[in-house]
Amino acid sequence: MASSNFIDYVKICSRSGHGGGGSAHLHRDKTTAKGGPDGGDGGRGGHIILRGNSQLWTLLHLQYRKHIIAENGHNGGPNHSFGAQGQDEVLEVPLGTIARNVETGELMCEITEDGQEIILTPGGRGGLGNAHFKSPTNQTPRYAQPGEPGIEEWVVLELKLLADVGLVGFPNAGKSTLLSVVSAAKPKIANYAFTTLEPNLGVVAYRDYKSFVMADIPGIIEGASEGKGLGLRFLRHIERNSMLLFMVSCESADIAEEYQVLLNELKTFNPELLDKKRVLAITKSDMLDEELEQEMRATLPEGLPAVFISSVTGKNITPLKDMIWEALNS
Ligand SMILES: Nc1nc2c(ncn2[C@@H]2O[C@H](COP(=O)(O)OP(=O)(O)OP(=O)(O)O)[C@@H](O)[C@H]2O)c(=O)[nH]1
């Protein structure tokens with residue numbers, strides 16, 4: 001996947017269908033010269049619908065579809081026949097897509113689940129046929145409602161940072177370096193409204209053309225959950241990641257302790273983050289000899305898969321990807 005394949009922002013003109021007009025027909029047949037009203041209702045205009053698709057990672061497929069237009073509803077007809085509904089236009093979007101009205105800046109909706117459908121721009125209602133307007137004083141109404149017009153609006157679709165794997169570690173743990181080593185693409189991230197620094201996102205190619213998205217969330221510092229430093233803002237981003245890769249440098253005086261501090265930060269911010277699968281990578285292990293590594297191994301926190309890696313020499317990078325893949329798919 002090339003970096004140009006990552007599109008996280010598109011502006012579209014979303015136009016729903018007009019409702020079909022109701023019919024003002026009066027019943028006529030061989031035996032009835034002047035029958036009652038039998039005009040059917042018009043059909044609803046097509047909606048523009050967003051549908052979540054967990055297999056999509058970008059908005060690329062919408063980049064050249066500036067105008068999204070749903071079909072108009074059909075008019076009602078004689079003999080109470082209803083006009084057909086205009087066909088809805090469904091746009092498949094990645095999870096984490098938010099839609100904003102360009103003019104007002106208003107947040108219209110957010111797609112968070114696979115298969116979730118939200119009407120972005122509703123189609124116009126169909127008009128009622130004259131059959132509805134029959135009354136004791138007017139047995140043969142000759143009017144029917146027109147269909148409601150559709151809506152045309154400019155909408156921005158934006159992909160919030162979203163990743164399979166969130167990197168969690170103190171500054172200098174080696175997060176950016178790992179990302180640059182494992183990722184096939186280094187997409188440019190748009191400036192999100194809620195951040196000033198750009199989190200780094202990479203698409204990691206895995207065996208058999210599979211891939212996952214890894215996000216380097218700029219360094220969490222101790223006390224981040226209390227609002228110190230920039231940490232808090234970035235913690236928000238990892239709420240969505242489906243697993244967390246903890247990264248602690250082998251230079252750390254106490255790996256288990258450092259891991260615990262990171263864990264506490266996450267917990268204070270949002271305890272649900274602890275429900276995510278975790279893997280621990282001890283970084284820069286090219287600086288260790290075999291003996292030292294053995295010693296450290298005995299001090300690692302229990303209960304989570306851990307691996308000594310080096311982004312510089314490539315040591316254990318493939319086993320790390322395997323562990324991540326397993327955590328994502330178990
Ligand atoms: N020896 C060695 N050095 C590494 C390795 N990975 C990263 N480094 C060095 O560690 C330093 C920090 O690495 P970064 O990747 O920038 O760390 P980071 O976690 O992204 O840091 P922030 O962006 O500040 O959060 C750099 O000087 C890297 O060259 C490694 O595998 N081995």
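Here the structure is a predicted model, which is why all the values come from computation and not from measurement. Start at 1 and go down the list; that is how both ligands and their atoms are numbered. Reckoned from all heavy atoms, side chains included, excluding hydrogens, waters and symmetry mates.
- Between L178 and ligand 1, no pair of N/O atoms sits closer than 3.5 Å.
- At a threshold of 4.0 Å, the pair R44-D88 counts as salt-bridged, since one of the basic side-chain nitrogens sits closer than that to a carboxylate oxygen.
- When the options D286, L167, L288 are ranked by their closest heavy atom to atom 32 (N) of ligand 1, first place goes to D286.
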(message) Run L120 and V155 through side chain to side chain contact (heavy atoms under 4.5 Å, CB included) and show every step you take.
(response) CA-CA 9 Å; L120 181 70; V155 176; 4.2 Å; yes
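- A salt bridge links K284 and E251; the closest N-O separation between the charged side-chain nitrogens and carboxylate oxygens is under 4.0 Å.
- Residues R65 and E89 are in side-chain contact: their nearest non-hydrogen atoms beyond the backbone lie under 4.5 Å apart.
- Between the N130 side chain and the A144 main chain, no donor and acceptor come within less than 3.5 Å of each other.
- Within the structure, ligand 1 has N172 among the residues with a heavy atom less than 4.0 angstrom away.
- Geometrically, ligand 1 and I309 share no nitrogen or oxygen pair separated by less than 3.5 Å.
- Within the structure, the closest approach of A173 to ligand 1 falls below 4.0 Å when heavy atoms are considered.
- Remark: ligand 1 atoms within the under-4.0 Å shell around heavy atoms of K175 are 15 (O), 17 (O), 18 (P), 19 (O), 20 (O), 25 (O).
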